[in-house]
Structures are given as structure tokens and as C-alpha cells.
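In what follows, a single structure is set out as C-alpha cells and then discussed.
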Amino acid sequence: MKILHIDCSIRDERSLSKELSALFVTKLTEKFPTAQLDYLDVSKETPSHPSALFIRGNYTPETERSSEMVIELAESELLVDRMILADLYVIGMPMYNFSVPSNFKAFIDNVVRINRTFKLTEAGGEGLLVNKRVYIINTRGVDFTHGDIQHMDQLQPYLTAIFGFIGLTDLTFINVSPVQFAAVEAREGAIERAKTEILNLIKAL
Ligand SMILES: Cc1cc2nc3c(=O)[nH]c(=O)nc-3n(C[C@H](O)[C@H](O)[C@H](O)COP(=O)(O)O)c2cc1C
């Protein structure tokens, strides 16, 4: 098994999403000791935003790209390779302003690549990252799962759509909320529930 572990919180030792994604990966590698692990913290190694040259290169057939295009796409190619190699992703994902952190959006813009992670057919887009599982540990200050703020959650619908577009349809969201602006007991309860869910998910693997 090849695991790609991605974090994107801008915090380190105080980050709950990083703590819980690390717990997930630790327990997973205890269960599968021969698993290979790749780690990427996009808050530290934030992928470059795509440029006009990147876009032109992306839509130019590989054999016809200029050397400038090849250089411009090099970072993205490496990220795509890491996505292709892994068969299970564990992602520590805080909600920022109702959606994903901007560093993770930059990552998405680098890995949604024509003929690498999706192709266009007469029927529309077809995802190429198939047979992979994705576990998303999503920490949120506020609980958006019910009530009249539900529609403000632009994170889970967005990730479901964009990951689905590149073939990642086996998604499990571990919703850790409320962890801020909430009573201590509510935060602790959310964290305990998430830890139990993580252990149960790994047991079931
Ligand atoms: C820039 C920023 C924006 C945030 N926006 C939201 C938000 O829209 N909704 C929410 O529920 N929590 C929001 N939060 C709270 C975080 O989602 C929450 O504290 C989370 O635990 C942070 O993850 P971390 O502990 O891994 O850093 C925001 C936090 C930051 C730093």
C-alpha cells in the first residue's frame, strides 16, 4: 500500500487537523507496516499558482511543448506523479472561510491536468485517478452539518466535485466540529468522536 499524506493547516503543533491526520497515518502504518509513506505539507511547500504559460503548456501535446513550457509544468508533473503513485490519501483539512485553504486550492490547480488526471471524451470528462481511497479529516470551528448555515459549507461539496472529476470517488469525510467558538465540552466531544471514527475506519480496512 502506498499512502499519500497531505496537510494544509497554516499552523503546526497547535493544528488539530495535522494532529488527527498524523494519528490516522500512525495507526494505518501500525496495521500495514510495509506501507510506503509520502508526506506533503502544502502550507510549507505551497505549489505555484498556474501561469498563462502553464495553461498553454497544459493544453499543448506533450511532444510539442517548448522547453519553457516543460519547465513551467515540472512542479505540477511531480505532484501528479505523487497522486498517481499513491493508492490511499489521508488529508488533514481545516475549513478556511467556508472552503479549503488557498494553499490546497493551489495544489488542486496543479493536479487537475488534462490527460494526466482526467481526459475529455465525447461523454464529457473522465477521471483517471481510479481505485484510490481518500480520507479527509476536516476540522471546522463551527458545526455546519445542520440548521440554516448548512448551505455555507463550500468545502465538502467542492472537494466531492473536484475529486470526483479526476476519478477520486471513494471519499470519506471525518467531520471534526465544532472546535472553535464552542464550549470546551463540545470541542472535546468532537475530537473524541473523530478519534473513535478514525480507529473504526482503520479497523475496517
Ligand atoms: C483563516 C481561517 C478561516 C477560518 N474559517 C472558518 C470557517 O469559515 N468556518 C469554520 O467553521 N471555521 C473556520 N476557521 C476555524 C478553523 O477551521 C478551525 O480552527 C480548524 O480547527 C483549524 O484547523 P487546524 O487546527 O488544523 O489549524 C477558520 C480558521 C482560519 C485560520
Side-chain angles (χ1 to χ4, degrees), residues 1-10 17-18 21 25 35-138 152-173:
M1 180 195 295
K2 294 192 178 71
I3 304 165
L4 177 58
H5 176 190
I6 305 176
D7 278 322
C8 53
S9 170
I10 51 180
S17 62
K18 283 181 174 167
S21 71
V25 170
Q36 292 172 33
L37 189 57
D38 181 16
Y39 180 65
L40 173 64
D41 182 343
V42 292
S43 78
K44 297 199 165 60
E45 295 173 70
T46 307
S48 313
H49 292 293
S51 62
L53 181 60
F54 177 110
I55 302 303
R56 281 205 306 280
N58 188 25
Y59 285 95
T60 300
E62 209 180 325
T63 51
E64 294 168 28
R65 284 179 194 148
S66 66
S67 49
E68 288 80 10
M69 287 173 177
V70 171
I71 291 167
E72 193 69 7
L73 287 170
E75 184 185 14
S76 158
E77 303 291 6
L78 287 176
L79 291 171
V80 170
D81 288 344
R82 291 167 80 173
M83 294 284 279
I84 292 171
L85 264 181
D87 33 44
L88 188 153
Y89 309 147
V90 179
I91 308 176
M93 171 69 59
M95 175 185 270
Y96 286 173
N97 297 322
F98 309 137
S99 187
V100 299
S102 54
N103 55 36
F104 195 81
K105 178 61 167 59
F107 172 78
I108 291 285
D109 290 344
N110 274 267
V111 297
V112 177
R113 290 275 313 276
I114 190 156
N115 296 333
R116 293 282 273 140
T117 55
F118 75 93
K119 65 179 180 182
L120 291 178
T121 68
E122 281 183 5
E126 186 183 319
L128 299 175
L129 296 180
V130 291
N131 299 325
K132 299 175 190 296
R133 288 173 193 230
V134 188
Y135 294 92
I136 300 154
I137 297 143
N138 181 206
M152 292 161 93
D153 172 12
Q154 303 292 310
L155 189 151
Q156 186 161 335
Y158 170 66
L159 285 181
T160 304
I162 194 66
F163 279 159
F165 183 68
I166 55 176
L168 302 171
T169 50
D170 188 351
L171 309 182
T172 304
F173 286 89

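Note that the numbering runs from 1 along the sequence shown for the chain. Just so you know, these numbers come straight off a predicted model, no measurement behind them.
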Take atom CD in E77; do more than 12 heavy atoms of anything else shown fall under 6.0 Å from it? yes
Residues pairing under side-chain hydrogen bond (donor to acceptor under 3.5 Å, both in side chains) where one sits in residues 122-133, two or more places apart or in two chains, turn out to be R133-Y135
What distance separates I114 CD1 from I166 CD1, expressed to the nearest 0.5 Å? 13.5 Å
D81/R116 under side-chain contact (heavy atoms from CB on, under 4.5 Å): CA gap, chis, key distance, verdict: CA-CA 9 Å; D81 288 344; R116 293 282 273 140; 2.7 Å; yes
Does N138 reach the main-chain N or O of F173 with its side chain, forming a donor-acceptor pair under 3.5 Å? no
Looking at T117, V42, N110, which hits side-chain contact (heavy atoms from CB on, under 4.5 Å) with L79? N110
Do M93 and L159 make a side-chain contact, defined as non-hydrogen atoms from C-beta onward lying under 4.5 Å apart? yes
Give, for atom CG of L53 and atom CG of L73, the distance between the pair rounded to the nearest 0.5 Å. 7.5 Å
Any side-chain to backbone donor/acceptor pair from S43 onto S9? Under 3.5 Å, distance only. yes
Salt bridge (charged side-chain N to carboxylate O under 4.0 Å, His left out) pairs, two or more places apart, involving residues 85-96: none
Heavy-atom check, side chain of F163 versus side chain of L129, under 4.5 Å: no
State whether the number of non-hydrogen atoms from other residues, nucleotides or ligands found under 6.0 Å of K44 atom NZ is greater than 12. yes
When every non-hydrogen atom of P94 is compared with those of P101, the smallest separation belongs to O-CD, 3.3 Å
T172 OG1 to Y89 OH distance, which is reported to the nearest 0.5 Å: 14.0 Å
Separation between CG of N103 and CD of E45, rounded to the nearest 0.5 Å: 11.5 Å
Heavy atoms, side chains only, cut-off 4.5 Å: are I91 and F104 in contact? yes
Tell me the closest heavy-atom pair linking A86 and L4, and the distance in Å. CB-CB, 3.6 Å
Test side-chain contact (heavy atoms from CB on, under 4.5 Å) applied to D41 and K18, step by step: CA-CA 9 Å; D41 182 343; K18 283 181 174 167; 3.0 Å; yes
In this structure, CZ of R113 is separated from CG of D109 (nearest 0.5 Å) by 12.0 Å
How long is the span from the NZ atom in K105 to the SG atom in C8, to the nearest 0.5 Å? 13.5 Å
What are the two closest heavy atoms between V130 and G127, and how far apart are they? CG1-O, 3.9 Å
Shortest non-hydrogen contact between F165 and G125, atoms and distance: CE1-CA, 4.1 Å
Scanning both residues in full, the closest heavy-atom pair of D7 with H5 reads OD2-NE2, 3.5 Å
Report the C-alpha separation of I136 and V134 in whole Å, then their side-chain angles, then the decisive distance to 0.1 Å, and conclude whether the side-chain contact (heavy atoms from CB on, under 4.5 Å) test is met. CA-CA 6 Å; I136 300 154; V134 188; 3.8 Å; yes
Within-4.5 Å side-chain heavy-atom neighbours: L85 and D38: no
Given 3.5 Å as the limit, does a donor-acceptor pair link the side chain of R65 with the main chain of I71, or not? no
Just jot down the side-chain hydrogen bond (donor to acceptor under 3.5 Å, both in side chains) partners of K2, sequence neighbours excluded, or say none. none
Heavy-atom closest pair, residues I55 and P50: CD1-CB, 4.2 Å
Side chains of V100 and Y96: does their closest heavy-atom pair fall under 4.5 Å? no
Does the pair F107 and I6 meet the rule for a side-chain contact (heavy atoms from CB on, under 4.5 Å), with working shown? CA-CA 10 Å; F107 172 78; I6 305 176; 3.8 Å; yes
Close side-chain approach of L155 to F98, heavy-atom, < 4.5 Å: no
Taking the side chain as C-beta and beyond, is there a heavy-atom pair between F54 and E75 under 4.5 Å? no
